[in-house]
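The structure under discussion appears below in the form of structure tokens.
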Amino acid sequence: MDFTIGGSPLEVRMTDGEGYTERYYNITTNSSGAMTSCNCEYRDTQDDFSGTETLTMRYDSGNRLLELTATEEETDEGIVYSYRTTFAFTWNGNDITRIVVTDFESEGDYIEDEFVQELTYEYGSNPETNNGIVYAGFVIDLDFMQYAGLFGRTTAHIPVSMAETTTHNSTPREYTVSVDKDGQGRITALYENGSLVETYYYSDTLGQLDAAPALSKATRAQGLRGLHKRLLRHRR
């Protein structure tokens with residue numbers, strides 16, 4: 001993903017280089033610089049879809065994200081279709097221990113779908129320090145916004161494992177988590193169950209990107225269609 005953060009008023013732009021773009025605008029922030037609300041406009045020229053979401057965020061006094069809600073409405077032939085995803089965060093000190101995601105879709109007065117996903121995290125007795133780029137399995141492809149502090153504080157440590165349950169599967173799916181770090185202690189790769197899921201490059205290491213093995217763009221772009229479609233894992 002390529003991105004820019006800046007401007008006056010502040011905007012965030014992101015593209016995957018293959019026709020998908022996102023723009024975050026009308027951004028409001030708290031005194032620590034974390035976003036409290038914004039609009040997100042997304043567009044895919046290849047698959048021919050687009051939309052606009054409204055995002056709201058709530059933090060505690062330590063700038064830890066407690067709740068993020070993304071809402072979207074569209075009207076077709078007089079029927080209003082509504083989408084809402086709420087991420088609720090539980091913290092222990094400066095580490096996230098639980099995230100509950102509620103994904104809600106309705107067609108007019110009819111509730112079409114409500115899907116709940118819960119992730120819990122364990123950190124073990126000697127967890128790796130987080131340099132601020134990993135957000136305990138939070139929203140895919142927005143790591144750079146977390147690293148920039150736009151979602152408040154990130155976890156102090158990297159979890160060693162996480163377990164997931166969903167509306168359709170109450171038996172936990174368990175994942176081990178590990179990372180690679182460079183000589184400066186910065187995270188360069190994230191693994192789940194031993195499989196590479198993210199690589200990270202910094203301003204002084206971007207030259208390595210062209211020589212890197214192709215971390216599946218399909219994996220990284222999977223699920224892109226605005227924030228309310230980016231659940232932490234595959235929905236079903």
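Computed from a prediction, not measured in an experiment: that's the story for all the values here.
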Cluster overlap V100 with F151, hydrophobic side-chain contacts below 4.5 Å: no
Student check: side-chain heavy atoms of L68 and Y59 closer than 4.5 Å: no
Residues forming a side-chain hydrogen bond (donor to acceptor under 3.5 Å, both in side chains) with N39, sequence neighbours excluded: N26, T54
Connected via hydrophobic side-chain network under 4.5 Å: Y83 and V116: no
Minimal non-hydrogen separation, E174 against A163, with atom names: CG-CB, 4.1 Å
Donor-acceptor contact present, side-chain S161 to main-chain Y175, <3.5 Å: no
Sequence neighbours excluded, every pair satisfying salt bridge (charged side-chain N to carboxylate O under 4.0 Å, His left out) that has a member inside residues 91-101: R98-E118
T97 versus T90, side-chain donor and acceptor atoms under 3.5 Å: no
Close side-chain approach of H157 and N130, heavy atoms under 4.5 Å: no
Over all atoms of both residues, closest heavy-atom pair of I27 and M35: CG2-CG, 3.7 Å
Between N131 and Y202: side-chain donor-acceptor atoms closer than 3.5 Å: yes
Separation between CE of M162 and CG of N193, rounded to the nearest 0.5 Å: 8.0 Å
Test item: Q117 and L119 side chains (from C-beta on) under 4.5 Å apart, heavy atoms: yes
Linked hydrophobic residues, Y25 as query - side chain contacts closer than 4.5 Å: none
Spatial distance of atom CG (L10) from atom OG1 (T28) [nearest 0.5 Å]: 10.5 Å
Nearest-0.5 Å distance, CZ of residue F3 to CZ of residue R13: 15.0 Å
Single-linkage hydrophobic cluster, 4.5 Å side-chain cutoff, W91 and V160 together: no
Nearest-0.5 Å distance that lies between atom OH in Y42 and atom OG in S50: 7.5 Å
Least distance between heavy atoms, Y123 atom then T155 atom: OH-CG2, 3.7 Å
Closest heavy-atom pair and its distance - A34, G152: CB-N, 3.6 Å
Test item: side-chain donor near acceptor, E22 and Y24, under 3.5 Å: yes
Aromatic ring pairing H168/F115, orientation class (parallel under 30°, perpendicular over 60°, tilted between): tilted
Closest approach of L190 to V179 (non-hydrogen atoms, all atoms of both residues): CD1-CG1, 3.7 Å
Flag side-chain contact, heavy atom, 4.5 Å: I96 against T154: no
Aromatic ring pairing F87/F89, orientation class (parallel under 30°, perpendicular over 60°, tilted between): parallel
Point-to-point distance, once rounded to the nearest 0.5 Å, from CD of E18 to CD of Q46: 6.0 Å
Minimum side-chain heavy-atom gap D180-Y191 below 4.5 Å: yes
Heavy-atom side-chain contact between M14 and M145 under 4.5 Å: no
Minimum side-chain heavy-atom gap N30-M57 below 4.5 Å: no
Side chain T86, main chain T69, donor-acceptor under 3.5 Å: no
Pairwise distance CG(L55) to OG1(T71) - rounded to 0.5 angstrom: 7.5 Å
S170 side chain near T165 side chain, heavy-atom distance below 4.5 Å: no
Shortest non-hydrogen contact between I187 and T129, atoms and distance: CD1-O, 4.5 Å
Heavy-atom neighbours of E122 CD exceed 12 at 6.0 Å: no
